[in-house]
Amino acid sequence: MSVEIKGIALFNGEKFSGITLKDEEAKTLLLLSNKKNKYMTMTDKVKMNGKEYIVSYDVAKAKSKLKIKVRSNHQLEVKVPVSLKVSITEFTYGEVGSDDLIKKIENTINKNVQNKAEKVVEKLQKANCDFLEVGRELMAYHPDVWKELEWKKDYAQIDIKPDVTVEVIHRGIIN
């Protein structure tokens, strides 16, 4: 038996912010926060020859870790590198034989997940929801900066940048 996520409610402290993340956004948030479960299937659209095709893939491995950089006058830059290794399970175009086609699929998935990640971060900051635990990292590793922040107000202004890289490691059952 497995649990399927339909969405995530974002909280500001202990109050519901009124903002939710839907299916694919919820999965993207779990990837950003390094909380991917054993199984995660995602779907994207790939444009080829003027037509759209569907590619489904399992996220076999996912790794992410916050990297906080404190600039002068305590300006923060938070990078969230996310490395995904995916296995293609379905591609409506047909056989995935050539390396050029794999590269195109990789680039498309990379671009799509990057866009989703940026939108998720935007929603997190709009909701004032620190799901990625930036505040906890600051408290632990930059306590002098943390003490100077007015967190509830300053969180929304932090420069948080996801950086997604995708590698197709298996072509699944369609080889």
Side-chain angles (χ1 to χ4, degrees), residues 2-44 57-87 103 105-169:
S2 66
V3 176
E4 188 174 327
I5 295 175
K6 289 294 182 186
I8 293 177
L10 300 180
F11 283 75
N12 177 355
E14 294 181 11
K15 290 185 177 180
F16 175 53
S17 68
I19 298 173
T20 58
L21 300 178
K22 301 297 180 219
D23 184 36
E24 291 289 312
E25 293 173 320
K27 290 176 183 180
T28 303
L29 178 60
L30 294 176
L31 294 173
L32 282 167
S33 60
N34 210 32
K35 292 179 170 61
K36 174 201 157 307
N37 202 349
K38 188 173 181 178
Y39 301 103
M40 181 182 286
T41 300
M42 297 179 78
T43 302
D44 276 310
Y57 53 93
D58 290 330
V59 179
K61 291 184 182 180
K63 186 175 181 180
S64 69
K65 183 167 174 49
L66 288 179
K67 293 183 179 183
I68 298 175
K69 184 177 183 180
V70 180
R71 297 187 211 140
S72 61
N73 61 2
H74 294 126
Q75 290 293 322
L76 298 172
E77 179 182 290
V78 179
K79 291 188 178 181
V80 189
V82 181
S83 174
L84 303 179
K85 296 189 185 289
V86 303
S87 182
K103 200 59 156 161
I105 293 169
E106 250 178 18
N107 290 338
T108 299
I109 293 171
N110 196 97
K111 186 178 107 185
N112 291 346
V113 176
Q114 178 71 34
N115 288 338
K116 289 175 196 172
E118 289 169 2
K119 287 177 184 172
V120 165
V121 166
E122 199 175 289
K123 282 188 172 187
L124 286 174
Q125 289 186 292
K126 184 178 179 185
N128 210 27
C129 175
D130 190 15
F131 192 94
L132 300 176
E133 300 181 333
V134 175
R136 181 178 290 216
E137 288 282 315
L138 285 171
M139 280 187 249
Y141 300 108
H142 303 281
D144 53 325
V145 175
W146 173 253
K147 288 176 188 173
E148 292 191 23
L149 291 173
E150 194 176 322
W151 190 245
K152 290 234 181 233
K153 187 178 103 185
D154 295 335
Y155 172 71
Q157 305 307 314
I158 294 174
D159 189 15
I160 302 175
K161 296 179 182 175
D163 182 24
V164 176
T165 56
V166 174
E167 178 185 358
V168 174
I169 59 169

Which of these passes side-chain contact (heavy atoms from CB on, under 4.5 Å) with V121: K119, Q125, E118, K123? Q125
Hey, which of V164, V120, V82, N112 is the one that makes side-chain contact (heavy atoms from CB on, under 4.5 Å) with T28? V120
Of the options Q75, R71, K79, K69, which is the one that meets D159 in a side chain to side chain donor-acceptor pair (under 3.5 Å)?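 Among Q75, R71, K79, K69, the one that satisfies the side chain to side chain donor-acceptor pair (under 3.5 Å) with D159 is R71.
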Ion pair check, D163 and K67, cut-off under 4.0 Å: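 Salt bridge flag = no for K67 with D163.
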Lys/Arg N to Asp/Glu carboxylate O, E106 vs K103, below 4.0 Å: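 Salt bridge: yes.
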For the atom pair [atom1] ([X]) and [atom2] ([Y]), what is the distance rounded to the nearest 0.5 Å?
X	Y	atom1	atom2	value
K27	K36	NZ	NZ	11.0 Å
I109	T165	CD1	OG1	12.5 Å
L21	L124	CG	CG	6.5 Å
L132	Y155	CG	OH	6.0 Å
I8	D23	CD1	CG	10.0 Å
W146	R136	CH2	CZ	10.5 Å

For the pair [X] (side chain) and [Y] (backbone), establish whether a donor and an acceptor sit closer than 3.5 Å, ignoring hydrogens and angles.
X	Y	result
E25	K116	no
N128	K152	yes
S83	K63	no
S87	A60	no
D154	L149	no
S64	N34	yes
Q114	P162	yes

Heavy-atom side-chain proximity of M40 to L84 below 4.5 angstrom: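 Of all side-chain heavy-atom pairs linking L84 with M40, none is under 4.5 Å.
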A side-chain contact here means heavy atoms from C-beta on lying under 4.5 Å apart; do I68 and Y141 qualify?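 No, side chains not in contact.
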Going through the checks in order, is the side-chain contact (heavy atoms from CB on, under 4.5 Å) test met by E148 and D144? CA-CA 7 Å; E148 292 191 23; D144 53 325; 5.7 Å; no
Please test L32 against F131 for side-chain contact (heavy atoms from CB on, under 4.5 Å), starting from the C-alpha separation and ending with a verdict. CA-CA 10 Å; L32 282 167; F131 192 94; over 6 Å; no
Considering non-hydrogen atoms only, spot the tightest contact between [X] and [Y] and give its length.
X	Y	answer
M42	V59	SD-CG2, 4.0 Å
C129	F11	CB-O, 3.2 Å
F16	L10	CD1-O, 3.5 Å

Applying side-chain contact (heavy atoms from CB on, under 4.5 Å), run through V166 and Y57 and close with a yes or a no. CA-CA 11 Å; V166 174; Y57 53 93; over 6 Å; no
